[in-house]
Amino acid sequence: MKNFCLALAAVLALACSTKKEPMALGPYSEQYRPQIHFSPAKNWTNDPNGLVYHEGEYHLFFQYNPFGDTWGHMSWGHAVSKDLIHWEELPVAIQEYPDATTGDSTMIFSGTVVIDKNNSAGFGANALVALYTSHVHQNNRARVQHQSIAYSTDKGRTWTRYSKNPVLDIQRKDFRDPKVFWYEPGQKWVMVLVVPDLYKVQLYSSVNLKEWTLMSEFGNAGDRRRIWECPDLYQLPVENQQGKTKWVLSLSGSHPSGDDFVGMQYFTGDFDGHRFTTPDSAARYMDFGKDYYAGIVFNHLDKKIMFGWVNNWTYGNQIPTSPWRGAFSLPRELSLKEDAGSFELVQRPIDLATIRDDTRIDFKNVNGPVELRVDLNAANSGIKLVSASGDEVTIGVDTARRLLIDRTKAGRVDFQKQFASIETSKPLAQLPAHLHIFIDHSIIEVFANDGEVAMCEQFFFRSTQFAIKPFGKAELKIGWRLKSIWR
Ligand code: FRU
């Protein structure tokens, strides 16, 4: 009965999807509500989907459960922004739908949005075309995953599913997460997606977004301790080398600390329009915190800007936030640095100067989001965030020159037995380490040495106020209070 009602609600929502009013939004002032990171007003979210820039608007679609605050009924939520900082949540864009004849239901899993400037698909010039994984299930038992299309001709406000879906089907239960981009030199669309359990990325091409031809596969590389998900392929500038670029294939899978958690890895190499090749198939990780997953970059934007999902499948459904669960990272601009012939990813948050508040920070009594610049002049140095309730988070560098975040004493840690943890990164190239730190109500993001290492972590203090206390050879250089993006 419950399923029938949910299915009926889904049908009604879909039928009404042409007349959409902005949703009444919550006050965004709940305990733990991120103030400088986007999160939906209510309910569950996971991966960012369909990131695209179009006519002055950034679109963030996201895996979303319209009916609850844990994973289920996956649909695409939607938010738009003019500056990548302030967001307006819009009604659900594409919703799970039932098939009355088979009893199946199709969830809208992760995918991509492109702008079809030349009307290659026939939905109209400049139509937004979403390519997503149609996850067919019966009472949550997966039957098949294939790739489908929906399109919008009103700037993403309303969506129509293509009548001849699916557009790519290899009859597998696990086959998902298409990312599509326009490949200018070949005048064609390129799709990357994964066969998760075979640790394989497949590359397809198309001229009309509807018929896809397999070009090549990439696998047998990197970390294969956990299934592969959410791949992306993009070209990045190499810093300090005028005009030089390299291709990056990034994907989600195991965490650097092992397969108890999920994380992201990347490969650098070349893409000739058909095949991605790398001279170095070793695993390199994007973020060493526990809460950065499923990141993809924006389409139709010159800069390569990535959002990750701030959570981890290991405890994601249990984090103590309400009435929402899940948030997105700060937008990170990506580039590469060459180091002795190998290429390392550089990640920098976009500039948040427009939301800096000029009033001085009282480091003994912080209450709200802050941005800090901290220099660590020796190993075993850092800062501690100490709350009025005695909860603590340590951010610093250990004796092996690794960036670390320790949240073992961070208040509410016992909602899941693996949440309390100490994360460490690969060793930093050098000391002193310059840390660029963002502390939001329940999210910390740290960028060391101008983007060499990134770490994103959630924490849940029992009280909101805390002091920032340097230790070892740490210098608190600058601190800004940041204004809430919701007010
Ligand atoms: C990654 C993922 C994707 C899938 C989506 C379902 O977090 O498992 O592979 O499309 O989430 O919500």
Side-chain angles (χ1 to χ4, degrees), residues 40 43-51 60-78 92-97 105-113 130-137 140-150 166 168-169 172-180 191-202 223-232 250-255 259 261-265 286-287 290-296 306-319 324-329 456 458:
N43 293 337
W44 166 268
T45 185
N46 53 289
D47 315 354
N49 295 151
L51 303 183
L60 165 61
F61 298 90
F62 44 90
Q63 286 289 280
Y64 186 64
N65 181 356
F67 303 108
D69 61 3
T70 53
W71 188 90
H73 299 286
M74 295 324 291
S75 301
W76 278 26
H78 188 196
V92 169
I94 318 174
Q95 189 151 337
E96 180 189 27
Y97 60 93
S105 188
T106 299
M107 295 200 209
I108 317 299
F109 269 22
S110 285
T112 190
V113 168
L131 292 106
Y132 59 87
T133 297
S134 20
H135 171 86
V136 183
H137 68 102
N140 281 327
R141 296 190 95 222
R143 289 164 77 84
V144 65
Q145 291 182 342
H146 34 50
Q147 320 315 318
S148 292
I149 284 181
L168 178 58
D169 182 6
R172 278 193 115 257
K173 263 195 194 156
D174 286 287
F175 178 51
R176 61 177 178 268
D177 304 341
K179 173 70 196 262
V180 176
M191 177 196 285
V192 288
L193 77 176
V194 284
V195 188
D197 48 323
L198 301 182
Y199 313 99
K200 245 193 227 171
V201 174
Q202 292 192 327
D223 188 329
R224 280 161 286 169
R225 291 175 291 181
R226 252 184 117 120
I227 58 161
W228 285 9
E229 300 184 308
C230 302
D232 201 351
S250 56
L251 55 91
S252 293
S254 178
H255 188 269
D259 63 358
F261 301 92
V262 292
M264 286 191 69
Q265 57 180 316
M286 300 221 27
D287 189 295
K290 285 274 165 62
D291 295 302
Y292 192 83
Y293 195 67
I296 51 169
M306 179 176 275
F307 272 111
W309 171 45
V310 180
N311 211 345
N312 199 298
W313 279 120
T314 303
Y315 46 72
N317 277 286
Q318 285 124 285
I319 55 169
W324 82 101
R325 258 204 196 91
F328 298 95
S329 69
C456 183
Q458 298 182 94

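In listed order, ligands and their atoms are each counted from 1. These numbers come from a predicted model, not from an experiment.
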For the residue pair Q265 / D223, report whether a side-chain donor-acceptor contact shorter than 3.5 Å exists.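 No pair is found: no donor N or O on one side chain lies under 3.5 Å from an acceptor on the other.
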Between CG of N65 and CH2 of W71, what distance do you get to the nearest 0.5 Å?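 It comes to 9.0 Å.
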Going from CZ on F175 to NE2 on H146, what distance comes out if it is rounded to the nearest 0.5 angstrom?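 So the gap between those two atoms works out to 10.5 Å.
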Can you name the closest pair of heavy atoms from F307 and Y292 and give their distance?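 Between these two residues, the closest heavy atoms are C-OH, 4.1 Å.
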Just to confirm my output: which protein heavy-atom neighbour is closest to [atom], and how far is it?
atom: atom 12 (O) of ligand 1; answer: Q63 OE1, 2.7 Å
atom: atom 4 (C) of ligand 1; answer: D177 OD1, 3.5 Å
atom: atom 5 (C) of ligand 1; answer: D47 OD2, 3.5 Å

I'd like to check which ligand 1 atoms, numbered from 1 as shown, lie under 4.0 Å from a non-hydrogen atom of [X].
X: F109; result: 4 (C), 6 (C), 10 (O)
X: R176; result: 3 (C), 4 (C), 9 (O), 10 (O)
X: S110; result: 5 (C), 10 (O)
X: Y293; result: 1 (C), 7 (O)

Under-4.0 Å salt bridge between [X] and [Y]:
X: R226; Y: D259; result: no
X: K179; Y: D177; result: no
X: D197; Y: R172; result: yes

Ignoring angles and geometry beyond distance, decide whether E229 reaches within less than 3.5 Å of ligand 1 through its nitrogen or oxygen atoms.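 Yes.
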For ligand 1, is there an atom lying under 4.0 Å from some heavy atom of T133?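 Under 4.0 Å: no for T133.
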